[in-house]
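Bear in mind that the values here come from a model prediction, so they are computed numbers and not experimental data.
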Amino acid sequence: MADLLFEFAATMALGALLGAMAVYSLLRLTAPPESAEKSQLEFRFENRELVGACPRARRSLSLEDLDEDIYHQLIDRLGRIFPDLRQRLDDTTLHSASFTLSEATQNGPALLDIEAHGGSLRLRLSGIDAPLSRKVLVDSDQATAVAAELAVLRAATETAPFLSWRETADGTVDWANKAYTTAAGEADIPRKETSWPPARLFHGGAVAQSGDQARPKRSTLMMNSGERRTYEVLRYGSGNGTLNFALDVGATIKAEESLRSFMQTLTQTFAALPIGLAIFDRSRSLVMFNPALMDLTNLEPEWLSARPTLYDFLNQLREKRMLPERRDFADWRKKITELEKSAEDGTYCETWTLPTGQTYRVTGRPHPEGAVAFLMEDITAEMSLTRKFRREMSMNQALLDHLPEALAVFADDGVITMTNAAYDALWGTDPEDALGQLTITDATRLWQASSAPNPIWGDARDFVSQRGDRSEWTDTATLGNGLVVTCRFQPLAGGATLVGFTPAHQSALPPPRSTQLAAISS
């Protein structure tokens with residue numbers, strides 16, 4: 001954005017200077033002559049070759065005229081003022097003649113005396129006090145348009161929000177816009193007795209020539225209020241001096257500092273994370289990583305700082321045996337492509353079992369601007385604990401299945417968590433059913449439907465759902481097939497409950513029910 005503003009300012013400032021020169025020349029064109037003698041121009045031609053001209057006439061020709069056919073150029077330009085000139089000259093090509101052409105202009109009459117004698121031609125022009133260069137001899141409409149354009153350029157440079165000024169070869173400021181003079185008045189610099197030329201606020205810096213890209217240089221300016229302003233200064237060569245622009249980049253400095261502080265905060269936060277972090281930009285080059293990534297991958301920080309690509313990163317992990325083994329290279333390349341696409345969609349999450357025995361959980365997440373981030377976490381201890389827990393659960397299940405008593409365990413929320421083979425055989429349940437979806441209500445409905453009417457099933461439901469101190473109690477129930485079973489309800493730690501069912505011929509007689517109900521009510 002700063003470069004565009006500087007280019008815009010340079011264009012307008014140069015346009016303003018050129019416009020001023022053009023308008024100055026036009027003002028000379030339309031200004032009234034001091035005297036007829038001073039405004040007279042005389043040209044002499046032999047066979048249409050310029051052989052003589054008064055000093056004023058020579059000065060009226062621009063440098064580009066010297067390399068062209070001056071006769072035709074001059075007749076063409078004079079023909080704009082005197083429309084009959086070309087026709088009258090064609091009529092006198094075969095004989096001698098003398099005549100005068102007159103035309104009214106905004107500044108009075110313009111006269112052109114012509115004397116023709118064979119191949120000789122003498123032209124005397126009066127009433128026109130301006131050079132006859134093709135780039136300056138314009139009509140009044142053109143002069144009005146140039147003046148209007150100059151006014152626009154002046155207004156643009158004066159209201160521009162950036163500093164603009166011109167310096168001569170010795171460093172003197174000979175032109176400045178309003179923003180520059182305002183900054184010069186507010187700056188804490190030594191003051192001069194005169195207000196013009198303004199003080200030079202910035203020194204040094206590379207000067208860009210025409211067509212070259214300017215290199216901005218930041219400079220700091222101390223103000224009377226104690227504020228320190230930072231400007232980005234560009235210099236362009238302009239004649240014997242320089243055309244300069246300075247843009248206040250204080251907001252940019254604050255944004256850069258804020259971003260730098262934010263990045264430092266992120267870096268410190270990521271440095272303390274035990275999870276390895278690797279962020280790849282849209283071209284899949286590594287742009288950020290944390291120390292945990294080095295610890296988990298055994299990759300050197302110098303290598304990571306060189307911004308390797310995602311493919312190089314994974315290939316290096318493969319060489320260090322930090323990736324799951326693949327059977328062939330084609331399968332390996334396919335896996336990398338799938339990994340990148342899944343990370344872009346935010347669906348990549350895999351568990352890597354490494355040849356070293358470690359287990360990593362790797363997650364891919366999309367980031368703005370097409371970047372992706374990978375999180376690498378060592379879950380070896382977690383997986384070991386999970387495997388140990390599963391072994392213990394399997395062993396406990398095997399032990400329960402070898403017990404003759406039908407057992408069911410309910411959690412504190414009344415959800416059944418475990419049964420044994422004897423329970424499934426007694427009540428006809430499927431051991432493959434999801435136990436976490438069955439509650440004490442579901443179980444008592446099954447028991448009640450498979451037995452003779454008995455009030456203990458409601459007591460059992462209340463006992464399992466009860467909070468606080470509880471005491472073990474037993475009772476009997478008769479199944480639909482006539483089998484009498486002893487029902488045992490025992491509280492466990494954490495609010496859980498063990499319910500056991502034993503056929504009557506396998507157990508002793510239960511205590512009186514009145515004793516059991518008294519224990520429940522207590």
(Q) Salt bridge check, Arg307 against Glu302: does any charged N sit closer than 4.0 Å to a carboxylate O? (A) no
Q.
Under the criterion side chain to side chain contact (heavy atoms under 4.5 Å, CB included), I'd like the reasoning laid out for Arg48 against His72: C-alpha separation, chi angles, the key distance, then a yes or no.
A. CA-CA 8 Å; Arg48 299 187 176 180; His72 289 94; 3.6 Å; yes
Q) Below 4.0 angstrom, N of the basic side chain to O of the carboxylate: do Arg361 and Asp378 qualify? A) no
Q: Flag the pair Leu74 / Leu50 as yes when at least one side-chain heavy-atom distance between them is below 4.5 Å, and no otherwise.
A: no
(Q) Tell me whether Lys178 is salt-bridged to Glu158, with the criterion being a basic N under 4.0 Å from an acidic carboxylate O. (A) no
Q. Minimum heavy-atom separation for Leu296 to Gly276, with atom names?
A. CD1-N, 3.6 Å
Q) What pair of heavy atoms forms the shortest contact from Gly494 to Asp412, and how long is it? A) O-CB, 3.4 Å
Q. CG of Leu41 to CZ of Arg124: how many Å apart, nearest 0.5 Å?
A. 12.0 Å
**Q.** Side chains of Leu317 and Leu299 in contact at under 4.5 Å (non-hydrogen atoms)
**A.** yes
Q: Measure across Val207 and Gly237 and return the closest heavy-atom pair with its distance rounded to 0.1 Å.
A: CG1-N, 3.5 Å
Q. Between Asn290 and Leu277, is there a donor-acceptor pair closer than 3.5 Å when you use the side chain of the first and the backbone of the second?
A. yes
Q. Measuring from Ile189:CD1 to Arg200:CZ, what's the distance to the nearest 0.5 Å?
A. 12.0 Å
Q.
To the closest 0.5 Å, what do you measure between OG1 (Thr100) and CG (Asp113)?
A. 3.5 Å
Q) Between Phe162 and Ala246, which heavy-atom pair has the shortest distance, and what is it? A) CB-O, 3.4 Å
Q.
Checking Glu46 against Val51 for the side chain to side chain contact (heavy atoms under 4.5 Å, CB included) test, could you report, in this order, the C-alpha distance in whole Å, the side-chain angles of both residues, the deciding distance, and whether it holds?
A. CA-CA 6 Å; Glu46 291 289 343; Val51 296; 3.7 Å; yes
Q) Does Asp188 reach the main-chain N or O of Leu221 with its side chain, forming a donor-acceptor pair under 3.5 Å? A) no
Q | Step-by-step side chain to side chain contact (heavy atoms under 4.5 Å, CB included) determination, Glu167 to Arg235 | A | CA-CA 10 Å; Glu167 294 180 5; Arg235 299 178 180 274; 3.5 Å; yes
(Q) For Leu89 and Ile75: C-alpha separation, side-chain torsions, deciding distance, then whether side chain to side chain contact (heavy atoms under 4.5 Å, CB included) applies. (A) CA-CA 10 Å; Leu89 288 176; Ile75 297 303; 3.6 Å; yes
Q) Closest approach of Ser219 and Phe202, non-hydrogen atoms and distance? A) CB-CD2, 3.7 Å
Q) Under a 4.5 Å cut-off applied to non-hydrogen side-chain atoms, are Met322 and Tyr360 in contact? A) yes
Q. Okay, side chain of Arg86, backbone of Pro83: is any donor-acceptor separation there less than 3.5 Å?
A. no
Q. Would you say Leu111 and Leu101 make side-chain contact, with heavy atoms under 4.5 Å?
A. no
Q: Using modelled atom types only, decide if a donor and an acceptor are shared between the side chain of Thr297 and the backbone of Leu293 within a distance under 3.5 Å.
A: yes
Q | Spatial distance of atom OG1 (Thr220) from atom OH (Tyr231) [nearest 0.5 Å] | A | 10.5 Å
Q. Side chains of Pro197 and Asp174: does their closest heavy-atom pair fall under 4.5 Å?
A. no
Q: Could you tell me whether the side chain of Ser261 and the main chain of Ser258 form a donor-acceptor pair under 3.5 Å?
A: no
Q.
Can you tell me how far apart NE2 (His117) and OG (Ser98) are? Round to the nearest 0.5 Å.
A. 5.0 Å
(Q) Using modelled atom types and a 3.5 Å cut-off, is there a donor and acceptor pairing between side-chain atoms of Thr309 and backbone atoms of Arg284? (A) no
Q) Roughly how far, to the nearest 0.5 Å, is the CD atom of Glu382 from the CZ atom of Arg387? A) 10.5 Å
Q. Heavy-atom distance under 4.5 Å between the side chains of Val249 and Arg218, does that happen here?
A. yes
Q: Output yes when a side-chain donor or acceptor of Asp312 lies under 3.5 Å from a complementary backbone atom of Asn315, and no otherwise.
A: no
(Q) Any non-hydrogen side-chain atom of Ile279 less than 4.5 Å from a side-chain atom of Leu286? (A) no
(Q) Go through it in stages, so that I can follow the logic: the residues are Glu49 and Arg44, the test is salt bridge (Lys or Arg N to Asp or Glu O under 4.0 Å), and I'd like the CA-CA distance, side-chain angles, deciding distance and then a yes or no. (A) CA-CA 8 Å; Glu49 292 289 339; Arg44 287 182 296 162; over 6 Å; no
Q.
Which residue is it: Phe245, Trp175, Tyr180, Tyr236? I am looking for the one with a ring pair (Phe, Tyr, Trp, His ring centres under 6.0 Å) to Trp165.
A. Tyr180
Q) Can Arg122 be said to sit on top of Phe43's aromatic six-ring, NZ or CZ under 6.0 Å from centre and within 45° of the ring axis? A) no
Q. Can a salt bridge be assigned to the pair Glu300 and Lys320 using a cut-off of 4.0 Å between side-chain N and carboxylate O?
A. yes
Q) Ion pair present between Arg229 and Glu227, side-chain N to carboxylate O less than 4.0 angstrom? A) yes
Q: Check the angle between the aromatic planes of Phe313 and Trp303 and answer parallel, tilted or perpendicular using the 30° and 60° thresholds.
A: parallel
**Q.** Exercise: identify the closest heavy-atom pair between Leu234 and Pro216
**A.** CD1-CB, 3.8 Å
Q: Count the heavy atoms belonging to other residues, nucleotides or ligands that lie under 6.0 Å from CG of Asp170, then report whether that count exceeds 12.
A: yes
Q.
A side-chain contact here means heavy atoms from C-beta on lying under 4.5 Å apart; do Phe389 and Arg391 qualify?
A. no
